[in-house]
Each structure stands twice: as C-alpha cells, then as structure tokens.
> 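Below: one structure in structure tokens.
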Amino acid sequence: PEHSPIYVDNHKGQTVAGEEISDVDRAEIQEDLLLLLGLHRRPRPAFQEVQSSAPQFLMDIYNSMVDDEDTGDLKLDPEGVGSAWKDFNITTVDKQVIDESDLIMSFINHGSKLFKELELPRSQLLWFDLTEVPMDENQLDTSLRVYQGYAEDALFDYQSVTLRIFQLIGGEGETRPDDIQLKEVGARVLEPGYVGWLTFNVSSAADLWRMFPHSNLGLFMEVTSEGGEQLVPGQVGLVDAYGEQARQPFMTAFFKQQQLKRPLPR
Amino acid sequence: LSRFKRSPNGKRGKKKRNRSNSQTSSSSLKDYIQKQEFSVCQKRNLYVSFRDLGWQDWIIAPDGYAAFFCMGICSFPINSQMNATNHAIVQTLTHLLEPFLYPKPSCAPTKLNSISVLYFDDKQNVNLRKYSKMVATSCGCH
C-alpha cells in the first residue's frame with residue numbers, strides 16, 4: 001500500500017509509478033474505481049477458496065476469453081484454446097450464454113452446513129447464497145454442475161442409475177421434515193464410464209430464490225438404482241458436498257444488463 | 001493565414017515574414033518539433049494496479065489493468081495526426097476561421113476494448129463481470 005496505485009506514462013515509452021498521493025486522494029481513487037466497477041463498497045470475503053470448483057470454473061472462463069476484433073467485446077475463444085471447454089464440459093449453447101452475459105456468478109455450496117434438522121443426508125444437500133445477486137440484472141440462465149468420476153462399485157454393469165435434482169419447498173422458515181416437499185427440477189440417467197461434469201438447468205428455482213430469499217431451502221441430489229433403491233453418490237462416482245473441493249457441486253448464474261445504466265455521477 | 005493577413009503590398013509583407021522566419025534559430029526549431037511530438041494526439045499508458053491498492057484479497061484477476069488515455073493536441077495540419085476523421089478536418093478548418101467560436105477537434109479514443117474482472121463477493125461467491133469500452137486501444141482526432 002505504500003506504492004501508488006496509478007502508473008503513468010513518462011513520455012519515454014516507459015510506465016512509471018505516479019506521484020505519491022495523500023491518504024485522502026487515495027481513498028477517493030479507491031471510491032472512484034469501485035464506482036467504475038459498479039460496486040458500492042469494497043467486498044470483504046471472510047475467506048477465499050480459489051481451488052474449489054466454483055471459482056475454478058470462472059477462472060477457466062476468464063482465461064479462455066479473447067477480444068472480438070470487430071466489437072471489442074470479450075468472447076469465449078471460438079477455437080476452444082482454454083481448458084474451460086474440456087474440463088467443465090462447456091457446450092455451444094453454454095458458449096452463447098457466456099458470450100451474451102455481462103455478469104457471471106458462481107456459487108459455492110453451503111448445504112452441508114445448514115438445515116441440520118432435516119432428515120436427509122447432508123452431503124447431498126445443496127444450498128447457494130443468492131443474497132448478493134443484483135436485482136437490476138436480467139437472469140439469462142442458471143445451471144447446476146455435478147461431477148461424475150470413476151465409479152467404485154460395478155453397479156453400472158447390471159443396472160441403470162439415475163441422478164435426480166429436487167428443489168426443497170416449504171413454508172417460510174419451515175425446515176421440519178414433514179413440512180418440506182420435494183419438487184423435481186432435473187433428472188439424468190448416468191452413463192457408465194462417463195467422467196466429467198453433468199449440467200442441470202435450475203433457472204426456475206434460482207428465479208424464485210432471487211425474488212423470495214426466504215423460500216430458498218436449497219436442492220437435494222438423489223441417486224437411485226433401477227429398482228428405486230437409494231444409493232450413496234460416491235458409489236457411482238458422483239462427488240457430493242464432502243468430496244474433493246475441485247469437484248464439488250456448484251451453481252452458476254448468467255446475467256445481462258437490463259438497460260443502459262445512467263452515467264455515473266463521477 | 002497568409003490569405004487573411006495579406007497587406008496591400010503583399011511582396012513586402014512576404015519579405016518581412018521570411019526574414020522573421022529566418023531569424024528563428026535552429027535550436028528553437030528543434031525544440032518546437034520536440035514539443036509538437038509530445039503534444040500530438042496519441043495513446044498514453046496509465047496502469048491501475050489492484051495489487052497496490054491492497055485489493056488482492058477480493059480481486060482474483062487481473063492484478064490490474066492498462067487503462068490508457070488519449071492526450072495531445074489536434075492541430076493543423078490535421079493529416080499528420082493519428083486516425084483523424086473527415087469531420088476532424090472540417091472542424092480544424094472552422095477553428096482556423098473562428099478560433100474563439102469553434103474549438104479544435106478533440107483527441108479521444110477511436111477504439112475501445114472490454115476487460116473482465118474476477119472477484120469474490122461478501123458471501124464467497126465468485127463474480128466474473130465484463131466491462132465494455134474500458135480500455136482505449138487507439139486514439140485519434142474527432
């Protein structure tokens with residue numbers, strides 16, 4: 001912090017640190033930069049988990065972006081040079097949404113830390129904090145990603161396995177098991193031998209949570225065999241909330257600015 | 001200028017002007033050229049360092065960004081300036097006719113690119129926000 005945050009041209013083809021600035025000027029520069037970034041104040045995250053799946057997904061997208069020569073806008077590299085295409089199974093449809101978005105938010109799962117009273121396996125509960133989502137942005141799409149790795153059991157050899165994603169619905173503040181209803185928001189028959197991310201569209205649930213934060217009781221991932229027997233996700237290679245950090249389920253929301261914002265006052 | 005300031009006996013006026021020009025020393029001409037070089041409309045570097053602001057606890061990437069800015073004078077002859085538009089030429093001529101009424105063309109960005117910033121919010125969610133038209137990639141006279 002003893003350095004100047006602004007580096008200027010010295011007219012000799014070099015960029016040098018600007019003149020030392022007072023604390024008052026420094027605070028004003030910080031405030032101006034925050035306004036420019038569309039933030040009212042500086043975020044203060046309690047801790048950072050850069051290695052977990054949610055930030056990794058956005059870091060991959062960040063590293064895969066290139067300037068569009070015609071418009072000057074940032075787009076996902078059409079050649080697929082970045083690792084995002086491969087690692088996170090980004091499809092052409094995803095690419096379109098990513099290119100259209102002005103803001104992409106990636107949410108880490110807090111499910112295992114909440115709803116201790118629910119009689120559901122906590123490792124399969126998914127809860128994402130949407131309270132920081134800006135209300136003036138148009139939501140394009142919200143997707144949940146769950147990782148399927150190598151299966152430990154040979155279950156796939158003799159029966160098909162289904163992963164279902166349920167939205168937990170209950171009255172305000174109701175977390176008693178009897179008052180909670182499960183609404184299916186996505187299902188997928190798992191492909192034996194597949195290793196990678198599975199994507200589920202959870203836009204309708206996210207829309208509701210955004211408008212009515214108290215209705216956000218999260219999601220539940222259920223794995224069942226052909227005969228309806230409930231399985232532990234790890235048995236079929238699925239990574240749950242207690243799994244490897246870099247492969248844990250996460251949610252991503254894509255937003256586009258609704259309209260041109262008024263010019264900033266400064 | 002010669003057209004507007006021509007004296008009734010134009011020959012004498014021209015001689016006088018030539019003499020005054022010849023009295024200008026070569027060193028002052030050099031200074032003039034150097035001054036022109038520095039004041040010509042061009043892109044200048046300005047790097048904003050998030051790291052030196054102490055923001056690396058919430059901004060994951062980038063460390064900072066080259067904002068650039070456009071600086072310099074768009075003066076006659078306009079064709080020596082970078083990326084001068086046709087309108088800038090007309091603006092220069094009207095400025096020469098009525099310097100106090102019409103301003104010179106301005107030195108401004110001609111191409112703007114976007115940047116993206118990856119940062120944590122208070123809830124440990126990660127945001128990737130695109131900021132369009134944030135970086136002046138070229139400057140010119142408008």
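For clarity, every value in this text was computed on a predicted model and none was experimentally measured. So you know, we letter chains A, B, ... as the sequences are listed, proteins then strands, and number each from 1. Atoms considered below: every heavy atom in the structure, side chains included; atoms not considered: hydrogens, waters and symmetry mates.
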> Taking the side chain as every heavy atom from C-beta outward, state whether B:Asn125 and A:Phe128 have any pair of such atoms under 4.5 Å apart.
no
> May I ask you to decide whether B:Asp57 forms a salt bridge with A:Arg42, counting only side-chain N to carboxylate O separations under 4.0 Å?
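Yes.
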> Would the number of heavy atoms belonging to other residues, nucleotides or ligands and lying under 6.0 Å from OH of B:Tyr102 be above 12?
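Atom OH in B:Tyr102 is not crowded, with 12 or fewer foreign heavy atoms closer than 6.0 Å.
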> Got A:Phe107 and B:Val126 here, is their nearest side-chain heavy-atom distance under 4.5 Å?
no
> Is B:Arg129 salt-bridged to A:Glu137, cutoff N-O under 4.0 Å?
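Salt bridge between B:Arg129 and A:Glu137, a charged N being under 4.0 Å from a carboxylate O: yes.
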> Can you tell which part of B:Tyr119 gets under 4.5 Å to a heavy atom of chain A, answering side chain, backbone, both or neither?
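For B:Tyr119, the contact with chain A is made by the side chain alone.
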> In terms of heavy-atom proximity below 4.5 Å to chain B, should A:Leu39 be classed as side chain, backbone, both, or neither?
side chain
> Counting only heavy atoms not in A:Met135 (residues, nucleotides, ligands), do more than 12 fall under 6.0 Å from its CE?
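Atom CE in A:Met135 is crowded, with more than 12 foreign heavy atoms closer than 6.0 Å.
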> In terms of heavy-atom pairs under 4.5 Å, which option from B:Asn127, B:Asp121, B:Asp122, B:Asn113 contacts chain A the most?
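Top option by heavy-atom pairs under 4.5 Å: B:Asp122.
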> Is it the case that the side chain of A:Tyr62 and the backbone of B:Leu128 share a donor-acceptor pair, with hydrogens and angles ignored and the cut-off at 3.5 Å?
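Checking the backbone N and O of B:Leu128 against the side chain of A:Tyr62, no donor-acceptor pair under 3.5 Å is found.
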> Under a 4.5 Å cut-off applied to non-hydrogen side-chain atoms, are A:Leu103 and B:Lys130 in contact?
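When only atoms from C-beta onward are counted, B:Lys130 and A:Leu103 do not touch, as no gap falls below 4.5 Å.
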> If you count heavy-atom pairs under 4.5 Å with chain B, which of A:Met65, A:Met105, A:Met251, A:His110 comes out on top?
A:Met105
> Do other residues, nucleotides or ligands put more than 12 heavy atoms under 6.0 Å from the CD atom of B:Gln56?
yes
> At a heavy-atom separation under 4.5 Å, does A:Thr252 approach chain B through its side chain, its backbone, both, or neither?
neither
> Check whether B:Phe120 gets within reach of chain A through its side chain, its backbone, both or neither, counting any heavy atom under 4.5 Å.
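For B:Phe120, backbone and side chain are both near chain A.
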> If you count heavy-atom pairs under 4.5 Å between each of B:Met134, B:Lys133, B:Gln124 and chain A, which one has the most?
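Of B:Met134, B:Lys133, B:Gln124, B:Gln124 has the most heavy-atom pairs under 4.5 Å with chain A.
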> Report the residue from A:Leu37, A:Asp102, A:Leu74 that forms a side-chain contact (heavy atoms from CB on, under 4.5 Å) with B:Tyr131.
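So, applying the side-chain contact (heavy atoms from CB on, under 4.5 Å) to B:Tyr131 and each of A:Leu37, A:Asp102, A:Leu74, only A:Leu37 qualifies.
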> Checking B:Lys123 side chain against A:Ile108 main chain: does a donor-acceptor pair fall under 3.5 Å?
no
> Nearest 0.5 Å please: distance from the OG atom of B:Ser132 over to the CD atom of A:Gln257.
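Those atoms lie 7.5 Å apart.
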> Look at B:Gly64, B:Pro62, B:Ala66 and state which one has the largest set of heavy-atom pairs under 4.5 Å with chain A.
B:Pro62
> Identify which part of B:Leu112 has an atom lying under 4.5 Å from any heavy atom of chain A, answering side chain, backbone, both or neither.
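The backbone, not the side chain.
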> Less than 4.0 Å between a side-chain N and a carboxylate O, is that true for B:Asp52 and A:Arg26?
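Salt bridge: no.
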